[in-house]
Structure formats: C-alpha cells, structure tokens
Amino acid sequence: MKAMFRKNPLLTAGLIILILVILLAVLVPVFSPYSYQAQDVDRQNLSSSVSHIFGTDKFGRDIFVRVWYGTRISLLVGLGSTAICGLFGILYGSAAGYAGGKTDLILMRLADIIDAIPSLLYVILITLALGANVGSILLGICISGWIDLARIVRGEVMRLKTREYCIAARMTGATAGRILRRYILPNGAGPVIVNITFMVPKAIFTEAFLSFVGAGISAPAASLGTLIQDARSQMLVYPAQILYPILILCILLLSMNLIGAGVEAGENQSEARMFISFSQGKGYRG
Amino acid sequence: MSLLSVQNLSVQFHDSYAGGETVRDISFNVEPGEIVGIVGESGSGKSTAMQAIMGLLPKRAEVKCQKLILSQEDITPPFSADGKSAVKEEKLYEKKMESIRGRQISMIFQEPLSYLNPTVKIGRQITEVIHAHDKACTRGGARQRAKELLDMVGIRRPAERMRQYSFELSGGMRQRVATAIALACEPRLLIADEPTTALDVTVQGQILQLIKRISKETGTAVLFVSHDLGVIASVCSRVIVMHNGKIVEEGVTDDIFREPRHMYTKELIEKASHLQKLPHSMVSRNPLFVAEHVTKQYPGRINREQTEAVNNVSFYINKGEIYGLVGESGCGKTTLAGMAAGVYQPTKGNILFKGVPLLKMNRQIQMVFQDVQSSLNPKMTIEDILEEPLQLNTKLSSEGRRKKVIETLNLVGLSPKDTEKYPQAFSGGQRQRIAIARALILEPELMICDEPVSSLDISTQEQILELLEQVQIEKQISCLFISHDLNVVKRISQRLGVMYEGVFVESGNTRSIYEDPWHPYTKTLLSAILPPNPKMAKRKRRMWTVKESGGKKLLGEGCPFAPRCGYAMECCYAQSPKTYTFGEREIACFLYSEEYTGKRNDDYKMTSQI
C-alpha cells in the first residue's frame, strides 16, 4: 500500500485532498454554531473574521457554513450519480457485449437514441417537472450519463469474451453471469475504472453550472453553484464572497481529476510492466 | 579481416521490473559473406544482443561493449560508469548509427505484417529507404532499383506488386518485401531475427533458400537468429549457441551438430532429434468421436458469398488414440476444433460423440489452447482456475476438491505449493501444464489440443509432448492433436489427417504416411521439414517447389491444391476429387482415381503415384 502511494503521487495527492474536503463538508455544518439558512440582519456582508471565517453574505448568513453545506450537495450529486450511472452502465454494457448479435444491436441503438438529446436538456426538463432539488438533478444526470460507460464496457466485453480462458470456462460449464463476473470484468476493469473516476467531476460541474444559471438547487438550500450565483450581483463590491465557493469548487474538481489521472497512470504503468516482462522473455522463464 | 567484430558485449536493464544482465559478456566475429546462426531459447538474449549491435535498444538499457567494429569502423556505443553517459557522445553515436543502419547493417524481423506499414504502398516503402541513404537518387532511378530488388527476392511482376499494400500479400510475400527493403542499400551485414518463425513450413523453406541465395550472390554476411535447430542446420555455416545471455558454444555447424561439447547444446540437439521419432503403439478400432461430412460456412460480407472454412470433412477418433491434424495456417483446423468441442455447430454434416450427436458443449470434451498468455485468466489463482470446474460439475466437498487439484497438479508435474500463485508467475511451459491440468481435472474422454506447443521453445515443446503422451497412456484419453508442424504431429499421433483449405487431402496411419506420402501436398509438407542435422540438410534434394497460394480460391470447383500442384491435370481444375479409400489410407486426389490408374480388382494394391 505504502509503495503504491509513493509510486503514484497523483493518486495520493488527489485522495488526500478529497478526504479533507469530505471531512470538512461533513463536519463543518454539524459543529458550526451557525445554520446555513439562518439570516441575521445585523451582520450583513461582513468580511473574514474569527467568528465568520469566510465572512457573511448579504442576508447575514455565514459563508463558511454555506460553502461546506454546498460542497455536501456537490459531493452527493457527483458520487451518487457516478454510482448509479456506473452500475447501470456496467450492467447494460455487459449485457449488450456478451449477448452480441441482435440484442446488442437493439440495446446499443436504444442507447444512441437516448444519447441523441443533450443531457442538459434532460436535467432542465426534469427540474422543471419535479422541482429543483437534489433528487431531480441526480435523475437528470443519470438519464444519459451511463451511455459512454456502457459503450466502453461493451467494447471490453466483446474484446475479452473470445479470449481462450473464457472459452475454457464455458467448456467447463460456467454460466454467462459467472464468466462476466470472474473472467471478463476483472480483466477489463482498467479502462472502466478510469472512466468512472472522470464521471464524478463531470457531474459536480454539471450541477454547479445548472445552479449558476438558476435551474438547479433552489433557495435557501445552497450548492456551490448557487453560492456563486448569489454572490455575482455584488461581485465588484465584495469579491471575497464569490471567491470562496469558486476556490472550493476548484479544489474539489482538482482532487477528482488528480484521482482520475492517477488511476489512469497506474493502469498504463502496469500494462507497460507486463509488456516489458514479455518482450524480454521474463514471462517465459521458469 | 572480419566484417563484424564484437568484443565483450553486455546489456543490462536498469528497471524495477527487469533487473539483471540480459546479455553477459559475449564476443564473436562475423566474416564477410558467411551465414552465422545464433540459436537459443526465448529469453536467452539473442534479440537483445542484435539490437544492441544496431543501437536500437531504449535508453534504459545499459549497453557495455569493449569494442564493436564493423568493417574497420568503430561503432562502439558510448558508456560511462555512472549510468549517465555524456549527451554529446550519445548524439554523435546516434548520428553515426543513422548512416550505418540500413546502409551497412540492416535487419529482417519476425512478423512482417507489423513491420511493414499497412497504409503505404510496397513500392513507396522501398524507394523511401533508397532515398534516405542516397539523396542524389532520382525518383525514376529509385523505382527502377526497387523493381530490381523485388525481382531479386523472387517476386514476379514487381511493377504490379509495387502498387499494392502489405495486407494484400501473403505471409511469405511480405517477408520477401521486408527482405527487399533490408537489401535496398546493399548492406554488408544482414541481421535476420527469427525471419521464418511466423511462416508456414512450405513458405519457410522458400525464405531460407532466398536468404541463402542472396548471401551467395551479393556477398552479404548474415547473422541468423533462430530458436529452431532445423532452420539453423539448413542455412548456417557457423553456429553460436546462447544460453542465459552467455555464449556457451561456438563453431562450424557440422561439428556442433556432430559432437556438441557443452551440456546445453547436447540437450538442445537431443530434444530436437526426439521429434524425429515415430510413435509405435496401435489401437483397436473403436470410434469414440466421429465427424461425418462436416461443413462449416461463414457468410461473406460482400455479395453474400459463402466462404467455406471446412468442407465435407469426415474422420473418426478411436478410444485411447491420439489423432493428429496438420495443415497450414488458415486451412480450417481451428474451425474444425471448435466444432469438435461443440463451440460452434457445423452448417452441414454430423458430429457424433459416443454415438450421440454433439449439439452443445460436453463436459467430456475439453480443450487445450495455443496461446499460453490468454488461455489462463490472469486474475485467478491456480487453485481457483482448477477448482472452478469441480465446483460447477461435481458435488465434492472443498477438501475433496483440494485433494483433486493437488492430484492433478502432480500428474502434470507441478508442485502443490504453486496453488496460491497467479498465472503471471509461471513460464510458458508451466502455463501450458496448468492448462492441461484444467482440461484433465474433469476426467474427460476426449481432449482437443489446438496447437498446444506452437508458442513454446524446443526443449519445453518436448516436455509438453512427453507429458501429453504419458497422460494419454495413463488415463486412456483420446486426443485430437492439431498443429501446423508435421514434425510435432508425427511424433505424437497414431493416425493423422492432412488438411488443405478446408479439405482432408490425405489421412491414415502416421507411420505409413510419413514413410510413403501419397498426396502431393503431404509430400510438400514432409519435404519442408528441416532435420536438425546439417548432413541430412545438405543431402536433401531441393525442396519441392510449390507456388505460393496467392490468388483467391475458387469455391467448389476443382481441387484446392491444383494451382500449387506439380501433378495437376486438366480434371483437377474442373472438378474436385472424391475421397478414395485404400485400407487405412484415405486420399482425395485424381492420381488415385479409377480413370487414372485404370480398373482395379478387389485385391489391387495401391502404391504412391508420385
């Protein structure tokens, strides 16, 4: 474990930042004396101080608490949508890739049809219909978010299912589910995992964007996007108010991208190592 | 004065994952115009040494060489003890090597398909090399030279071929083109790194003759790297034997083969001549597996034309017998194996297993595959791999399963300690043992071995063949043994079938076929075997010349072998021959038809017509 972290500084840095962000997002709203929605007319637009680390906004709400509360929502949307899309994409892609033929054709064309409509449109339509809350944003992102992953999984499954170990397993009577679970998915996990790690920042960004343009989470709940939007009106007077949520959003996205890049690098490294050991005949030696 | 003189060459990889010296302190000379063979198993450092001479190794390889002289020019790679050699020296060396590579030394590689650029026409690829080394050459001149080169390597109608892409050519043709590119600037030294390993035996003979002829005509010295002693014996005048990165023996080919001094060389030669043995045991006729007029068609992409991978094949396998199946790549062997295993269904015809039609996979039929890299799941331990079939098919307790796993591992010659390891931890031969163990663990009655030894070294090959033989005798398992290598098949099988383009051209007792081939194609295959014995290689008359199958085959009309056959008659092109049966021997050739040999009585004894 230790060696892995030393070898992969990208992944290590990303994980450390992410864990810090998660801890702050969970703990700050719990232990802070301020609530994310309590307004205080006496304390409007304060600048940073010991009692209000990031200052207060135009309604006198504590920005520090609101930022971390917003991070919670961003994380929830990012990780939640990735979990749902990842699970569904893997199942759908494996089914299409393993079955092949007509089933594959129908499943993949269906996915193409869903993918033909821009994903933002889905989110906007669903928030209009079901109200602007976390659930509808999650649903909106998940409607078409799994398709790219399903395509990748399908490709991997198609590539691996003709491998000789899969044929051998079929000859000994292993079922399709068993072959997928034990033979195909573990061997095709690399590109799938890399793709999944990049889905998280994408979803977080989508949510922030939607909230910024006003189609996302509605007041008084806060997300990083709405915080930026709220602060925008007095950006020239109180630039700090817009700076803090942007900074946290940047750190969050950076950590996610670092993790993704780290996983990808690790994947290439292990492949390179395999290639080298084969090309030098190390794999053959007794 | 030697052409190339190598003194104390060592190569070391400074990697976390490939430590140790790959080439250890080797020295040798190459005289002008001679063919020197370098023989050794994979991993013995042959290729690495050649690449070090060419200066083609990556930066992380540390090349240490006292002196490397190519026709009085010093091309010693720079080396400094602390691992970081001076940048300036490196650059100078690289610059010098650029002018030497291609012009003085050039190389032919194993796989011509990946060596030739598939998006550039053959002609351009040759003229490119000519231009790179001779800036003054005009376009017309270069094209003329390319034509001459293609003509020299034995490609007919060179002007036409120059406009083709590499994927339009057959394997042998590609290797000829690669040779033409290597010869473009009249190098003094040609390094051929396993140039025939990826080719069929009949084509292998032609390429070897080509290299020999070119060396004689142009006076080019050749460094011929191969793991195949037969190949070395038939082309090289001198041999260098490498083992674990060191030269263990060096000398004139005849001497080395007659009286090898080093233990390792002895072992290699003994293993290789083992393959020349013939099996003896006979089995009584008691068919376990029968294929009746089996045909497999694949729908074509263009014009909905059907391509036939296997066409009207009939054979049977007796209980407790090893049946060999030989044929070139692409002749439908693997398709037939797939049908025999129940993986796909034949389009026409029946496959009977124990008298019952085989409609899906049967646990009593198991398979061993060619590619040792992809036949075992890299994410499962050996125990998991072997235990799974038992879990799925038997009601044994976990203890019972473990016992069975260990028993089977012992049977294939592996230690029970290895059960916790992953397949990466094993060598090619060991992996093949594990694959055999997996096939055996359910105690099948028929085992299908699809080229089980083709990706292994000679010495490992022999071990695996011995293992298969021993297991087969011990367990009385029947075996369908498929290979492109007639040597291997005749070593192990009691009866065999020869396949050509989806058709069985000859089948019968291995011994009688080997001693007296009837079909012209079988004869070609047999004459292409290279014995690991330079005397025999010299005595052997010129190999049966067959044209390479270049054009498209005509479906359903004529004997598939007719365009390459020296005995082709008019009727061979008009209709396909029936299968004629003479006792054990079955043959599909018009030479044995009644029209050709005349009416025969019941007690007529047929002999070879060729």
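Chain letters run A, B, ... following the sequence lines, proteins first, then strands; residues in each count from 1. The shown structure was predicted, so the numbers you read here are calculated from the model rather than taken from an experiment.
- Checking side-chain atoms of Asn195(A) against main-chain N and O of Pro191(A) turns up no donor-acceptor pair under 3.5 Å.
- Distance CG/Asp450(B) to CD/Gln370(B): 6.5 Å, rounded to 0.5 Å.
- For Lys246(B) (side chain) and Arg24(B) (main-chain N/O), no donor-acceptor pair under 3.5 Å exists by modelled atom type.
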Query - Steps toward side chain to side chain contact (heavy atoms under 4.5 Å, CB included) verdict (Gln463(B), Arg433(B)) - result: CA-CA 10 Å; Gln463(B) 287 165 14; Arg433(B) 282 171 196 268; 3.6 Å; yes
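- Using a 4.0 Å cut-off between charged nitrogen and carboxylate oxygen, Lys404(B) and Glu443(B) count as a salt-bridge pair.
- Looking at Leu254(A) and Ile251(A), their side chains never come closer than 4.5 Å, going by heavy atoms from C-beta outward.
- Val412(B) is not listed as a side-chain neighbour of Ile434(B), based on a closest heavy-atom distance of 4.5 Å or more.
- Rounding to the nearest 0.5 Å places OG of Ser454(B) at 9.5 Å from CD of Gln432(B).
- Using a cutoff of 4.0 Å between basic side-chain nitrogens and carboxylate oxygens, Arg182(A) and Glu388(B) are scored as salt-bridged.
- Looking at Leu467(B) and Ile436(B), their side chains come closer than 4.5 Å, going by heavy atoms from C-beta outward.
- Looking at Asp371(B), both its backbone and its side chain come within 4.5 Å of chain A, counting heavy atoms on both sides.
- Using a 4.5 Å cut-off between heavy atoms, Arg178(A) touches chain B through its side chain atoms alone.
- For a heavy-atom cut-off of 4.5 Å, chain A lies close to Ser374(B), Ser375(B), Leu376(B), Asn377(B), Pro378(B), Lys379(B), Met380(B), Asp384(B) in residues 374-385 of chain B.
- Only the side chain of Gln391(B) has a heavy atom closer than 4.5 Å to any heavy atom of chain A.
- Within residues 84-102 of chain A, no residue has any heavy atom less than 4.5 Å from a heavy atom of chain B.
- Salt bridge annotation for Asp104(A)-Arg109(A): absent, with no cationic side-chain nitrogen under 4.0 angstrom from a carboxylate oxygen.
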